[in-house]
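Numbering of residues begins at 1 and proceeds along the displayed sequence. Heavy atoms only: backbone and side chains are in, while hydrogens, waters and symmetry mates are out. Counting starts at 1 for both ligands and their atoms, in listed order.
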Amino acid sequence: MTIVTRFPPSPTGFMHIGNARTALFNWLYARANNGRFVVRIEDTDRKRHNEEAVEAIIRGLQWLELDWDGEIVSQFEQQARHAEVANQLLEAGQAYKCYCTPEELQEMRDKGHGYDRRWRDKDPSEAPAGVDPVIRIKAPIDGETTIEDAVQGKVTIKHDQLDDFIILRSDGTPTYMLSVVVDDHDMDITHVIRGDDHLNNAFRQKIIFDAMGWDVPVFAHLPLIHGPDGGKFSKRHGATSVEEYKEMGYLPEAMRNYLMRLGWSHGDEEIISTEQALEWFDLKGIGKSAARFDFEKLENLNSHYITEADSSRLIELSLPFFEKRHGITPDAEAQKRIMACADELKSRAKTLLQFVDESVFFAKSVPLSYDEKATALLDQDSLKILDILKTKLDALDDFSNDNIQNACKDVAKEHMEGKLGKVAMPLRAALTGTTVSPSIFHAAEILGKTETITRIDAAVNRG
Ligand code: GLU
């Protein structure tokens with residue numbers, strides 16, 4: 001049997017972290033088992049459907065590098081098929097027409113119970129004229145149903161908890177409950193892995209599968225994601241949309257590692273590459289209790305994957321951020337400089353934003369702008385020191401990290417009681433316009449003698 005999993009988001013306009021985890025688990029399970037992973041847009045509520053919302057989901061999947069098989073299915077487009085199944089159930093006596101008026105239904109609600117099944121056994125000849133009926137499923141009345149959930153274990157519900165819910169509205173459109181089942185069947189879904197907020201739906205969906213004589217897929221209901229303080233993960237805890245994490249400079253592989261550990265584990269392993277996960281992932285490893293979102297853990301993983309990442313890929317991924325944050329697109333020369341410093345930049349960076357902010361000085365040219373702290377550092381005393389240093393640097397034949405550092409040390413010894421920081425800090429301010437950067441001696445070496453001297457001059461002679 002080929003394993004087929006699905007990701008069926010409703011097009012809400014963005015991809016929630018919880019949805020991303022659901023997609024990832026389905027993708028991992030399919031890919032780990034040589035199966036298929038399919039995507040279906042649950043757009044039966046046409047008011048909510050728009051192309052932009054669908055694109056947001058596609059962008060989310062693409063960013064996370066979760067590839068899917070076949071065409072993306074639109075649930076809305078299958079409506080005729082859903083209605084056909086409703087009519088088959090009707091003909092088979094598994095469903096019936098109900099002519100209740102809205103007032104009658106309201107009356108039942110007011111009495112504190114659900115639909116009282118009054119049309120279940122009525123003769124169709126009693127149908128009132130001029131009323132379009134809905135079609136309701138015949139839910140079992142006595143006994144109970146147990147679902148063997150791959151995560152939650154055995155879950156039992158008494159049949160008196162189930163009602164004869166509507167599968168086809170009076171206007172002939174299918175309800176969500178029916179559409180999901182028909183689509184899951186038609187798409188050969190073998191495993192339904194989704195949030196446990198859908199566990200109750202599973203019992204209703206099983207009624208339809210059984211009534212049609214279709215195989216019921218394996219259900220695996222994932223515990224919800226909570227915020228750090230408990231409580232459902234929401235905006236008050238921080239970013240909830242996948243795209244926000246992309247914008248904050250997270251790498252997709254870090255996000256995947258983080259999300260897969262939200263609810264699934266393999267021993268005590270924290271750092272799990274996607275390749276490794278494809279070997280290890282199984283439904284047994286999914287825990288029953290809610291996972292807490294831990295921003296620090298995510299950041300640590302991101303650091304790890306930034307350090308591991310191929311430098312040219314990282315620069316490529318960073319280019320939009322250079323533009324957005326600094327209005328600069330590093331040219332070939334600047335990219336070469338950043339590349340030369342990449343190992344150090346990567347080991348410092350928790351996010352791509354930090355990588356960008358700490359390397360953008362390589363892409364700048366004089367006159368640099370100096371931030372507040374750098375401006376404060378470049379006082380009269382420091383400028384005198386920089387002027388002296390400049391002469392020493394200018395005299396270097398080999399403009400290397402070591403020689404630059406030694407020149408600074410000499411100046412510190414002669415003028416600053418040996419305090420290297422008193423020379424290196426102003427040098428950093430002059431070369432970067434900030435007070436935070438990788439090793440400034442190495443940075444100077446990468447900038448080269450001419451550019452270093454130019455920047456020092458610009459700092460010393462600035463208005
Ligand atoms: N469209 C549903 C949602 O976005 C998913 C339903 C399902 O997985 O069966 O929550």
List every atom of ligand 1 that sits less than 4.0 Å from any heavy atom of [X], numbering the atoms from 1 in the order shown and giving each element.
| X | answer |
| --- | --- |
| R6 | 7 (C), 8 (O), 9 (O) |
| R194 | 7 (C), 8 (O), 9 (O) |
| S10 | 1 (N), 2 (C), 3 (C), 4 (O) |

Any nitrogen or oxygen of [X], side chain or backbone, less than 3.5 Å from one on ligand 1?
| X | result |
| --- | --- |
| H198 | yes |
| N19 | no |
| P9 | no |

| said: Set out, in order, the CA-CA distance, both residues' side-chain angles and the distance that settles side chain to side chain contact (heavy atoms under 4.5 Å, CB included) for N201 and H198, then state yes or no. | reply: CA-CA 5 Å; N201 288 342; H198 288 286; 3.2 Å; yes

| query | Could you give the distance from CD1 (I57) to CD1 (I72), rounded to the nearest 0.5 Å? | reply |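 Those atoms lie 8.5 Å apart.
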
| message | To check your reading of the model: name the closest protein heavy atom to atom 6 (C) of ligand 1, its residue, and the distance in Å. | response | Y176 OH, 2.7 Å

| request: Specify the protein heavy atom at minimum distance from atom 1 (N) of ligand 1: its residue, its atom name, and the distance to 0.1 Å. | output: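 So the nearest neighbour among protein heavy atoms is E42 OE1, 2.7 Å.
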
| request: Flag the pair D163 and R136 as a salt bridge only when some basic side-chain nitrogen lies within less than 4.0 angstrom of an acidic carboxylate oxygen. | output: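 Judged by the 4.0 Å cut-off on N to carboxylate O distance, D163 and R136 do not form a salt bridge.
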
| said: One thing to verify: whether R337 and E333 come together as a salt bridge, which I'm taking to mean a side-chain N less than 4.0 angstrom from a carboxylate O. | reply: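 Salt bridge flag = yes for R337 with E333.
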
| message | Does the residue Q205 have a heavy-atom contact with ligand 1, meaning some pair of atoms that are separated by less than 4.0 Å? | response | no

| task | Could you tell me whether ligand 1 has any atom less than 4.0 Å away from a heavy atom of F7? | result | no

| task | Tell me whether the guanidinium CZ or amine NZ of K235 lies under 6.0 angstrom from the six-membered ring centre of F14 and within 45° of its axis. | result | yes

| request: Report yes or no: is the cationic atom of R6 (NZ for Lys, CZ for Arg) closer than 6.0 Å to the six-membered ring centre of F37, at no more than 45° off its axis? | output: no

| Side chains of E358 and S437: is there a donor and an acceptor less than 3.5 Å apart? |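 Looking only at side-chain atoms, S437 and E358 do not form any donor-acceptor pair under 3.5 Å.
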
